[in-house]
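Here the structure comes first, spelled out in structure tokens, and everything after it is commentary.
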Amino acid sequence: MISFFVKDKEVLYNLMSHYFGEDLCKEEAQINKINFASEDIDAFFEDFQKSFNIDMTAYNYYQYFHENFLPFGYLISKMFIYLGFKKKKIPLSVSHLLEVVERGVWFVPN
């Protein structure tokens, strides 16, 4: 069991490093605290689902990420959150992705 987990972790880190760079390849890293293009996030989760055969039925992009339409969309979004006009998103950590891989099905983090 341990060797499968180590292999899965390595595959996940390789996938993440391809889309997001190596800085996020730590279990405590929060994926949705950094501004990435929604297309990159979608592509990552599509490859994540295929690589680990994850049932992503319960996954909802908008629970974790704000849509970014403009180059400064992330900054505008943060301003609206600060002013109380926009809801904060559920934190999404690398350790949660590892738990999803282990279970084989997407679930909302605690």
Tell me, do Cys25 and Val94 make a side-chain contact under 4.5 Å, heavy atoms counted?
no

What I'd like to find out is whether the side chain of Phe48 reaches to under 4.5 Å of the side chain of Tyr59, using heavy atoms alone.
no

Side chain to side chain contact (heavy atoms under 4.5 Å, CB included) for Val101 and Val11? Distances and angles first, verdict last.
CA-CA 11 Å; Val101 168; Val11 171; over 6 Å; no

Can you tell if the side chain of Tyr61 reaches within under 4.5 Å of the side chain of Ser38, non-hydrogen atoms only?
yes

Closest non-hydrogen atom pair between Ser93 and Ser95, with its separation:
OG-OG, 2.9 Å

Can you list every pair that meets salt bridge (charged side-chain N to carboxylate O under 4.0 Å, His left out) and has a residue in residues 48-62, with sequence neighbours left out?
Glu46-Lys50

With sequence neighbours left out, write down each residue that passes side chain to side chain contact (heavy atoms under 4.5 Å, CB included) with Asn60, or none if nothing qualifies.
Tyr62, Gln63

In terms of hydrophobic clusters joined by side-chain contacts under 4.5 Å, are Val100 and Val108 together?
yes

When rounded to the nearest 0.5 angstrom, what is the spacing between OG in Ser51 and CZ in Phe44?
8.5 Å

In this structure, are over 12 heavy atoms from other groups packed under 6.0 Å from Glu22 atom CD?
no

Using modelled atom types only, decide if a donor and an acceptor are shared between the side chain of Gln49 and the backbone of Ile54 within a distance under 3.5 Å.
yes

I need the minimum non-hydrogen distance between Tyr64 and Lys89, along with the two atoms involved.
O-CB, 3.3 Å

Apply ring pair (Phe, Tyr, Trp, His ring centres under 6.0 Å) to the pair Phe107 and His96, showing each step before the final yes or no.
CA-CA 9 Å; Phe107 64 96; His96 177 70; 4.5 Å; yes

Passing option when Asn32 is tested against Ile90, Leu92, Ile41 for side chain to side chain contact (heavy atoms under 4.5 Å, CB included)
Leu92

Candidate pair Glu27 and Leu98, rule side chain to side chain contact (heavy atoms under 4.5 Å, CB included), full reasoning:
CA-CA 8 Å; Glu27 288 187 43; Leu98 289 168; 3.7 Å; yes

Gap separating the CG atom of Asp40 from the NE2 atom of His18, nearest 0.5 angstrom
8.5 Å

Name all residues meeting the ring-ring contact (aromatic ring centres under 6.0 Å, His included) criterion together with Tyr13; count only those two or more places apart in sequence or in a different chain, and write none if there are none.
none

Would you say that Ile31 contacts Tyr19 through its side chain, given a criterion of any heavy-atom pair below 4.5 Å between the two side chains?
no

Heavy-atom closest pair, residues Leu97 and Met16
CD1-SD, 4.3 Å

Test log, rule side chain to side chain contact (heavy atoms under 4.5 Å, CB included), inputs Phe65 and Asp42
CA-CA 11 Å; Phe65 302 98; Asp42 290 340; over 6 Å; no

